[in-house]
Novice: 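Sharing a structure, written as structure tokens. Questions coming.
First the proteins, then the strands, lettered A, B, ... as listed; each starts at 1. Below, each value reflects all heavy atoms present in this structure, side chains not excepted, and no hydrogens, waters or symmetry copies.
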Amino acid sequence: AQKVTQAQTEISVVEKEDVTLDCVYETRDTTYYLFWYKQPPSGELVFLIRRNSFDEQNEISGRYSWNFQKSTSSFNFTITASQVVDSAVYFCALKSVIQGAQKLVFGQGTRLTINP
Amino acid sequence: NAGVTQTPKFRVLKTGQSMTLLCAQDMNHEYMYWYRQDPGMGLRLIHYSVGEGTTAKGEVPDGYNVSRLKKQNFLLGLESAAPSQTSVYFCASSLRLAGLTDTQYFGPGTRLTVL
């Protein structure tokens with residue numbers, strides 16, 4: 001079964017601290033994609049990153065970085081020097097083929113609060 | 001480009017009433033999806049469509065129907081609303097690309113309350 005687990009329901013840190021959001025996934029597929037989405041208080045879902053199962057290189061984009069490790073089935077997201085604007089709910093998602101169709105399975109989300 | 005838009009943004013229904021949520025995309029995407037978001041449960045797929053005139057069930061399809069008469073529109077219908085359908089509904093769309101490389105882009109959501 002395809003499953004994504006974000007064990008951290010809520011995280012609260014003080015501005016400028018680094019914070020890591022955990023994501024663990026389960027799949028039997030050899031080809032799959034992993035995603036992170038951000039949902040700010042305004043409610044929309046914003047795409048952050050996509051990573052395929054064959055590319056284990058870490059990715060850095062400004063203050064954001066992602067660590068993909070197939071050996072532990074994890075795709076963790078780190079925000080460096082956090083800012084209040086980073087406060088949001090963050091979703092990790094897994095895409096694979098389920099019953100012949102491509103489907104995106106979401107984790108439960110982690111609510112991140114950055115305090116000034 | 002407006003991207004993915006949803007109508008309405010908010011709606012309150014009484015149990016047993018019906019309504020239709022409209023999703024529109026101007027990106028010429030083949031695939032479209034309807035999700036619901038409930039507290040502590042992430043997003044769950046209700047129905048999806050891989051092209052005009054085709055629809056398929058997702059993870060939680062019961063109580064909902066969909067139609068894709070035009071490529072740019074995907075309608076979600078509730079024939080007889082129930083309080084359990086109180087949720088935030090998101091529409092998404094994506095291109096049909098080789099393998100699994102497409103990224104889903106989401107609309108702003110519709111907050112539905114069923115009393």
Novice: Are Val24(A) and Phe77(A) linked, directly or through other ILVMFWY residues, by side chains that come within less than 4.5 angstrom of each other?
Specialist: no

Novice: Once rounded to the nearest 0.5 Å, what's the spacing between atom OG1 of Thr103(B) and atom CG of Leu48(A)?
Specialist: 11.0 Å

Novice: Side chain, backbone, both or neither: which part of Leu45(B) has a non-hydrogen atom closer than 4.5 Å to chain A?
Specialist: side chain

Novice: Working to the nearest 0.5 angstrom, can you tell me the gap between Phe90(B) CZ and Phe106(A) CZ?
Specialist: 9.5 Å

Novice: Just wondering, are more than 12 heavy atoms of other shown residues or ligands nearer than 6.0 Å to NZ in Lys70(A)?
Specialist: yes

Novice: Would Leu75(B) and Met19(B) show up in the same hydrophobic cluster when neighbours are defined by side-chain heavy atoms closer than 4.5 Å?
Specialist: no

Novice: Can you tell me if Lys38(A) has over 12 outside heavy atoms packed within less than 6.0 Å of its NZ?
Specialist: yes

Novice: Is Tyr35(B) close to Leu104(A) at the side-chain level, that is, under 4.5 Å between some pair of heavy atoms?
Specialist: yes

Novice: Are Phe106(B) and Gln39(A) side-chain neighbours, meaning at least one heavy-atom pair lies under 4.5 Å?
Specialist: no

Novice: Against chain A, work out which of Arg111(B), Glu59(B), Gln37(B) has the most heavy-atom pairs shorter than 4.5 Å and name it.
Specialist: Gln37(B)

Novice: Assess whether atom CD1 of Ile60(A) is packed by more than 12 heavy atoms of other residues, nucleotides or ligands within 6.0 Å.
Specialist: no

